[in-house]
Number of protein chains: 2
Amino acid sequence: MAGKNLVGPEADALDLGAVFRALADEHRRSVLTQLATDRDDNERGCNSFDLPISKQTQTHHFRVLREAGLIDEIDYGNRKGVRLRRADIEKRFPGLLALLGAEPPGDTAPG
Amino acid sequence: MAGKNLVGPEADALDLGAVFRALADEHRRSVLTQLATDRDDNERGCNSFDLPISKQTQTHHFRVLREAGLIDEIDYGNRKGVRLRRADIEKRFPGLLALLGAEPPGDTAPG
DNA sequence: CTTCAGGTACGATTCAAGTCGTACCTGAAA
DNA sequence: TTTCAGGTACGACTTGAATCGTACCTGAAG
């Protein structure tokens, strides 16, 4: 019933390079921006982000975000939850999440 | 005599994706960290960063940093200067430069 | 049990990025 | 002028990342 939390790095072990690499991708940045915008930090389903990519690729992106220490993944077997590691991120890299709000969401180049 | 400033994006046009992509590379992050640490924002020579890469690759990295809007490049013909665009960066992405200080310099994995 | 949707594992493909070799340009100094 | 160090341009190589196809796993609902 209660999903098990997939492992990520400890709060003190967050690597700035890995974080920047994770946020360099448009889709991953979109996910994290959506998570950071919700101040209640609700757990969300993986398919609630409207990513225009296949589910295999989504799996890849969520894994990158988790291994960078930005999100927790909760495995329920046949579905998965995602939660922002806001406290850990703010502790190690204060102000990082606020930067994501400085970018207008869905800023994909037209044409 | 007075070098000419190579063009980069306007302050309001700084793109977060380009910035994260630029800072995802270890060498470029090292350069920007060194620049951000100097609170006097002195202009520095391109070969004052002790980058363990060829000069062609250095040219490439400085170009990426400039096109991301993070630095100004001043061309003197047979040598080049680099200056951090601190005001523009702080205006558009406040707190970003402070994040670089949270990472210990020269943190290359041993062994 | 079967069915079904969500997710993963593995491999293959495609593309972007980091790197360097060769050649060339630039300005200063001899 | 020549020489020299710093830098660029172009091309080529190599690695890593993003993407998807196929097959398989998981738990819930019939």
Next item on the list: Between C/dG7, C/dC20, D/dA18, spot the one nearest the side chain of A/Arg28, thanks.
Entry: D/dA18
Next item on the list: Could you check which of D/dG6, C/dG7, D/dT19 has an atom nearest any side-chain atom of B/Asn47?
Entry: D/dG6
Check: From C/dG7, D/dA18, D/dT8, pick the nucleotide closest to the side chain of A/Lys80?
Finding: C/dG7
Notebook entry, point to check: Between atom CD in B/Glu26 and atom P in D/dG16, what is the gap in whole Å?
Noted result: 14 Å
Notebook entry, point to check: Do NZ/NE/NH1/NH2 and the carboxylate oxygens of A/Asp41 and A/Arg86 come within less than 4.0 Å?
Noted result: yes
Check: How close or far is atom P of D/dC4 from atom NZ of B/Lys55, stated in whole angstroms?
Finding: 14 Å
Next item on the list: Grab the CZ-C1' distance between B/Arg79 and C/dC25 for me, whole Å please.
Entry: 17 Å
Check: Over how many whole Å does the gap from B/Ile74 atom CD1 to D/dG6 atom P extend?
Finding: 18 Å
Note to self: Whole angstroms only, please: what is the CZ-P distance between B/Phe62 and C/dG18?
What the structure shows: 14 Å
Next item on the list: Using the six-membered ring of B/Phe49, assess whether NZ or CZ of B/Arg44 lies under 6.0 Å from its centre and within 45 degrees of the ring axis.
Entry: yes
Notebook entry, point to check: Does a side-chain N or O from B/Ser54 land closer than 4.0 Å to OP1 or OP2 of C/dC20, or not?
Noted result: yes
Margin query: So B/Asp75, base contact, sugar-phosphate only, or nothing? Heavy-atom distance under 4.0 Å.
Written below: nothing
Item checked: Distance-only donor-acceptor check, side chains A/Ser54 and A/Thr57, under 3.5 Å -> yes
Next item on the list: Taking only the side-chain heavy atoms of B/Asn78 (C-beta and beyond), determine which of C/dA28, C/dT19, D/dC20 contains the nearest atom.
Entry: C/dA28
Checklist line | A/Gly77 or A/Pro52, whichever maps to the more 5' nucleotide of DNA chain D | finding: A/Pro52
Check: Counting any heavy atom closer than 4.0 Å, what does B/His60 reach on the DNA or RNA strands: base, sugar-phosphate only, or nothing?
Finding: base
Note to self: Of the options D/dG6, C/dG21, C/dG18, whose atoms approach the side-chain atoms of B/Gln56 most closely?
What the structure shows: C/dG21
Margin query: It should be established whether B/Thr57 places a side-chain nitrogen or oxygen under 4.0 Å from OP1 or OP2 of nucleotide C/dG18.
Written below: no
Note to self: Nearest to the B/Arg63 side chain among C/dC20, D/dG7, D/dA9, which nucleotide is it?
What the structure shows: D/dA9
Notebook entry, point to check: In whole Å, what is the span from the CD1 atom of A/Ile53 to the C1' atom of D/dA17?
Noted result: 13 Å
Next item on the list: Using distance alone, with no hydrogens and no angle criterion, decide if B/Gln34 and B/Ser30 have a side-chain donor and acceptor under 3.5 Å apart.
Entry: yes
Next item on the list: Could you check how far NE2 of B/His61 sits from C1' of D/dT8, rounded to whole Å?
Entry: 15 Å
Checklist line | Interatomic distance where CG belongs to B/Leu6 and P belongs to D/dG7 [whole Å] | finding: 12 Å
Check: Within a reach of under 6.0 Å around CZ of A/Arg79, are more than 12 heavy atoms found that belong to other residues, nucleotides or ligands?
Finding: no
